[in-house]
Amino acid sequence: MKVTINDVAKLAGVSMKTVSRVINKEPSVRKKTYDQVMQAVKELNYQPNIAARNLAGTSSFAIGLVYDNPNAYYVIDMQNGVLSRCRDEGYELVIHPCESNSENMAEEFVTMIKRSRLAGLVLTPPLSEQQTIIDMLDELGIHYVRLLSGRAQEAENSANNCIFVDDYAAAYEITEHLIQLGHKKIAFVLGDEEHKSTTERLAGYRDALKAHDIKQDDTLLYHGTYSFESGVKGAKALLADGNPNQITAILGGNDEVAAGALFAARLMNIEIPGQLSISGFEDSPFSRQTWPKLTTAHQANNIISEHAARLLFSKTRGHRKNDKEVSHVFTPSMVVRESTGRITQ
């Protein structure tokens with residue numbers, strides 16, 4: 001027999017209206033009442049009918065995840081993180097790919113928001129970095145949370161609707177790791193220029209070289225995209241004609257790029273890591289599927305996106321006193337594997 005909201009109310013000893021307020025996460029509910037109702041919901045395994053809730057009033061019980069990123073692993077991790085929070089909140093998730101360079105992007109956004117009756121949006125790079133989108137959402141009065149590449153100082157001075165990933169610090173750490181292994185000729189195959197993560201990772205790389213008194217050489221930079229093919233092309237270009245720059249290490253803009261560079265090095269009969277060290281970024285499945293496995297920076301995209309969703313719900317529902325603090329800055333952590341080492345030849 002299907003459990004109803006009336007069953008929950010009877011077990012909790014409250015009215016159906018109170019149960020509804022708890023399920024809808026209205027901030028005015030007292031902590032004791034909230035816990036009492038949620039305990040009854042758990043005991044009865046009550047599942048609110050989201051479609052009925054949407055039809056019953058003006059409140060929306062769906063949020064959107066909007067992305068323009070060719071990396072399928074990144075999108076899946078982001079989706080899983082937001083979904084885990086949506087389940088706890090009793091919300092549905094609308095996933096919407098969007099071309100950031102499209103002429104009809106603004107119109108597409110408005111149509112999607114109205115059609116899906118969204119309570120708010122989680123925006124991923126590079127869409128989250130485009131001021132025209134932010135201005136449009138502000139004008140429409142839409143709640144949103146932005147995932148951005150940035151440092152702790154930026155988070156301190158930003159609005160409370162941003163989650164930052166400190167790509168600078170992670171790139172600095174990876175570059176320093178290579179330097180400590182004895183590498184001085186460290187090349188960098190960069191990702192897409194329209195992503196702020198690219199400029200932040202480049203800045204971290206440059207500052208690590210500077211801190212260790214290693215001369216920066218722009219001939220060691222390859223401006224590419226966040227793709228496997230770009231890693232292949234970049235490595236071939238950098239190592240062409242017998243490696244005239246005597247490169248001993250390559251930093252990939254992400255793991256796909258690094259895997260492409262590793263593939264190219266194999267085709268050129270270069271031993272990894274004996275003759276060339278290669279590192280990636282993000283700790284995607286690519287980093288564990290190569291041989292040797294890639295040194296990288298672990299970026300917990302599912303946790304990052306879950307925090308973004310939590311922040312979004314706190315904006316759409318209001319804070320309760322027992323809500324946990326939301327972390328606004330995440331720093332990827334170094335993962336050392338077999339693709340980096342000291343030069344042996």
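These values consider heavy atoms only, across backbone and side chains, with no hydrogens, waters or symmetry-generated copies. All values derive from a computational prediction rather than experimental measurement.
Cluster membership check: Val257 does not share its hydrophobic cluster with Tyr73, using side-chain heavy-atom separations under 4.5 Å among Ile, Leu, Val, Met, Phe, Trp and Tyr. Both Ile142 and Ile134 are members of a single hydrophobic cluster when ILVMFWY side chains are connected at heavy-atom separations under 4.5 Å.
A side chain to side chain contact (heavy atoms under 4.5 Å, CB included) with Gln275 is found for one member of Ile270, Asn269, Ile247, Thr248 and no other, namely Ile270. Val189 pairs with exactly one of Leu251, Leu220, Leu221, Leu238 by the side chain to side chain contact (heavy atoms under 4.5 Å, CB included) rule, that one being Leu238. No option in Asp255, Asp283, Thr296 other than Asp283 meets the side chain to side chain donor-acceptor pair (under 3.5 Å) test with Arg288.
Considering all non-hydrogen atoms of both residues, Phe188 and Gly252 come closest at CE2-C, 4.1 Å. The nearest pair of heavy atoms linking Ala203 to Arg151 is CB-NH2, 3.8 Å. Taking all atoms of both residues into account, the shortest heavy-atom contact from Ala240 to Met268 is N-CE, 4.4 Å. Nearest heavy-atom pair, Pro126 versus Glu194, reported as atom, atom and distance to 0.1 Å: CB-O, 4.1 Å. Residues Leu294 and Ala258 approach most closely at CD1-CB, 3.8 Å, considering heavy atoms. Residues Ile278 and Ala265 share a closest heavy-atom pair of CD1-CB, 4.4 Å.
Between the CD1 atom in Ile133 and the CG atom in Leu127 there is a gap of 4.5 Å [rounded to 0.5 Å]. Thr225 OG1 to Leu190 CG: the interatomic distance, rounded to the nearest 0.5 Å, is 11.0 Å. To the nearest 0.5 angstrom, Ser305 atom OG is 7.5 Å from Leu65 atom CG.
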### Task
Applying salt bridge (Lys or Arg N to Asp or Glu O under 4.0 Å), run through Glu89 and Arg310 and close with a yes or a no.
CA-CA 9 Å; Glu89 297 283 347; Arg310 179 183 297 159; over 6 Å; no

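Looking only at atom types and distance, the side chain of Ser149 has a donor-acceptor partner in the side chain of Asp167 under 3.5 Å away. If you check the side chains of Glu256 and Asn254, you find no donor sitting under 3.5 Å from an acceptor.
Residues passing the ring-ring contact (aromatic ring centres under 6.0 Å, His included) test with Tyr144, sequence neighbours excluded: none.
Glu129 has no carboxylate O lying under 4.0 Å from a charged side-chain N of Arg146, or vice versa, which leaves the two without a salt bridge. Using a 4.0 Å cut-off between charged side-chain N and carboxylate O, Glu282 and Arg201 make a salt bridge.
Ring-centre distance between Tyr205 and Tyr172: not below the 6.0 Å cut-off. Between His307 and Phe330, the distance from one ring center to the other falls under 6.0 angstrom. Two rings, from His195 and Tyr226, have their centers less than 6.0 Å apart.
The shortest side-chain heavy-atom distance between Leu147 and Pro125 falls under the 4.5 Å cut-off. Residues Pro273 and Ser339 form no side-chain contact, since every pair of their non-hydrogen atoms from C-beta on lies 4.5 Å or further apart. Side-chain atoms of Ile343 and His183, non-hydrogen and from C-beta on, do get closer than 4.5 Å to each other.
When atom types are taken as modelled, the side chain of Ser287 and the backbone of Ser284 share a donor-acceptor pair closer than 3.5 angstrom.
Surrounding CD of Glu193 are at most 12 heavy atoms belonging to other residues, nucleotides or ligands under 6.0 Å away. The number of heavy-atom neighbours closer than 6.0 Å to NZ of Lys196, taken from other residues, nucleotides and ligands shown, is above 12. Counting non-hydrogen atoms of neighbouring residues, nucleotides and ligands closer than 6.0 angstrom, the CD atom of Gln131 exceeds 12 such neighbours.
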Compile the donor-acceptor pairs under 3.5 Å between side chains in residues 173-180 and protein atoms, sequence neighbours left out, one pair per line.
from	atom 1	to	atom 2	distance (Å)
Thr175	OG1	Ala171	O	2.8
Glu176	OE2	His212	NE2	2.9
His177	NE2	Thr340	OG1	3.0

Name every donor-acceptor pair, under 3.5 Å, that has one atom in a side chain of residues 74-84 and the other anywhere in the protein, sequence neighbours excluded.
from	atom 1	to	atom 2	distance (Å)
Asn80	ND2	Ile76	O	3.4
Ser84	OG	Gly81	O	2.7

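Between Phe263 and Phe228, the ring planes lie tilted relative to each other; the angle falls in the 30° to 60° range.
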